[in-house]
Amino acid sequence: MANIFANTFDWMPVQGSTWAEQVDWINNFITYISVFCTVAITGAMVYFGIKYRRKTDNDPTPHITHNAALEIVWTAIPTAIVCFVFWYGLVIYREMRNPPSNAQEINVQAEKWQWTFAYNTGKKAVNELIVPVGQPVRLIMRSKDVNHSFFIPAMRVKEDVIGNQYNYLWFEANQTGQFPIFCTEYCGLGHSAMLANLRVVSKEAYQDFINDRAAGEEEKTPEALGKKLFAEKACASCHSTDGSVKPCPTLKGVFGHDVELTDGSKIKADENYLRESLLNPNAKIVKGFTPNVMPSQQGQLSDEQVDQLIAYIKTLQ
């Protein structure tokens with residue numbers, strides 16, 4: 001059934017990701033339905049307008065009442081189609097919001113008017129995103145200034161990139177090649193020039209790329225810099241990294257897991273939770289601990305240092 005609607009419109013970009021075919025299928029399905037309804041309704045209006053037009057001044061105006069069966073049919077069929085489109089879209093959306101555990105993480109920073117991509121080995125690239133083919137990739141995105149929107153048409157992924165908050169998207173490229181990246185949020189005079197290139201390479205070429213560092217750069221990975229910062233800021237005075245009890249919650253195994261708060265609610269410890277806990281420690285207090293113990297790091301840490309501390313906390317599993 002998927003092949004009926006896939007690849008119908010030649011103007012669609014190449015299907016470069018594993019779910020591009022699904023996205024194209026539902027897009028084509030909606031287009032087919034819209035075209036059919038437009039032609040059928042407009043054609044019926046024209047036909048009946050001509051057939052039942054008033055030919056002379058003596059023609060009586062017919063008294064037309066409703067047709068219950070017809071009304072049920074033209075209500076039930078569109079409702080069923082809308083429900084099907086909603087269900088299909090929800091299935092794809094849920095898949096898009098839940099990256100697999102083995103996804104390769106890459107940090108993305110947007111600013112007027114360029115994209116910076118940072119890899120877990122400390123490698124950075126401007127306006128060129130390099131990913132391996134056949135490997136899920138999770139992009140952790142944040143804006144340095146105004147709102148932007150990250151869009152890779154060939155991968156069928158688009159997500160807003162905003163300041164003071166992390167946003168995510170993931171995809172798995174199914175073929176090597178080069179594909180354009182756009183900003184789809186008007187972000188200023190240079191918006192149209194905020195372009196980048198996605199280069200999908202083999203897994204071997206990707207490993208060569210991210211490991212190609214100058215001597216001494218091994219100590220400049222985000223995790224290493226975060227560990228160093230953790231020591232410089234004396235974070236270990238309140239937070240343990242081995243599960244032992246201290247005035248503040250241990251950081252061992254916290255990332256990616258649910259945290260119970262003092263009000264009984266639970267929250268997943270992701271990048272946004274850790275960032276908020278660094279900059280506004282009293283916003284969400286972990287059950288069993290008291291507020292006003294940890295000082296706020298607002299203004300004490302740069303955005304890059306926050307990223308480094310989070311990268312280090314991720315390693316404490």
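Values below: every heavy atom of this structure, side chains too, minus hydrogens, waters and symmetry copies. The first residue of the sequence shown is numbered 1, and numbering continues consecutively from there. Quick caveat: nothing in here was measured; it's all calculated off a predicted structure.
- Not one N or O on the side chain of Asn167 forms a donor-acceptor pair closer than 3.5 Å with the backbone of Met141.
- With rounding to the nearest 0.5 Å, the separation of OG1 in Thr262 from CD1 in Ile285 is 6.5 Å.
- Aromatic ring orientation, Tyr206 versus Phe209: tilted (interplanar angle from 30° to 60°).
- Residues Asp59 and Arg53 are not paired through a salt bridge, judged by the lack of any N-O separation under 4.0 Å between the basic side chain and the carboxylate.
- The aromatic rings of Phe84 and Tyr88 lie tilted to each other, with the angle between the two planes from 30° to 60°.
- Of the inter-residue distances, the one linking Leu251 atom CG with Ser277 atom OG reads 9.5 Å to the nearest 0.5 angstrom.
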**Message:** Thr31 vs Asn28, test: side chain to side chain donor-acceptor pair (under 3.5 Å). Steps then yes/no.
**Reply:** CA-CA 5 Å; Thr31 303; Asn28 291 346; 5.1 Å; no
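- No donor-acceptor contact under 3.5 angstrom links the side chains of Asn58 and Thr56, judged on distance only.
- When the options Asn272, Asp307, Asn107 are evaluated for a side-chain hydrogen bond (donor to acceptor under 3.5 Å, both in side chains) with Tyr166, the one that passes is Asp307.
- By the 30° and 60° cut-offs, the orientation of the rings of Trp170 relative to Trp19 is perpendicular.
- Arg142 and Glu271 are not joined by a salt bridge, as no carboxylate oxygen comes within less than 4.0 angstrom of a charged side-chain nitrogen.
- If you take OG1 on Thr184 and CZ on Phe150, they are separated by 10.5 Å, rounding to the nearest 0.5 Å.
- A distance-only check finds a donor-acceptor pair linking the side chain of Asp145 to the backbone of Lys112 [under 3.5 Å].
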**Prompt:** Should Asn120 and Glu223 be marked as a side-chain contact (heavy atoms from CB on, under 4.5 Å) after you check the CA-CA gap, both sets of side-chain angles, and the distance that decides it?
**Reply:** CA-CA 8 Å; Asn120 58 8; Glu223 293 85 354; 3.9 Å; yes
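- With hydrogens and angles ignored, the 3.5 Å screen pairs a side-chain donor or acceptor of His239 with a backbone N or O of Pro249.
- Note that the CG atom of Leu169 and the CZ atom of Arg156 stand 14.5 Å from one another [nearest 0.5 Å].
- Scanning for ring pair (Phe, Tyr, Trp, His ring centres under 6.0 Å) contacts around His191 gives Tyr186, with sequence neighbours left out.
- Between the side chain of Ser296 and the backbone N or O of Leu279, at least one donor-acceptor pair lies under 3.5 Å.
- Remark: Ile152 CD1 to Glu159 CD distance equals 12.0 Å, nearest 0.5 Å.
- Between Glu185 and Lys158, no side-chain nitrogen of the basic residue sits less than 4.0 Å from a carboxylate oxygen of the acidic one, so the salt-bridge criterion is not met.
- Under a 3.5 Å cut-off, the side chain of Asn282 and the backbone N or O of Pro291 do not form any donor-acceptor pair.
- In terms of modelled atom types and a separation under 3.5 Å, the side chain of Ser240 and the main chain of Thr250 share no donor-acceptor contact.
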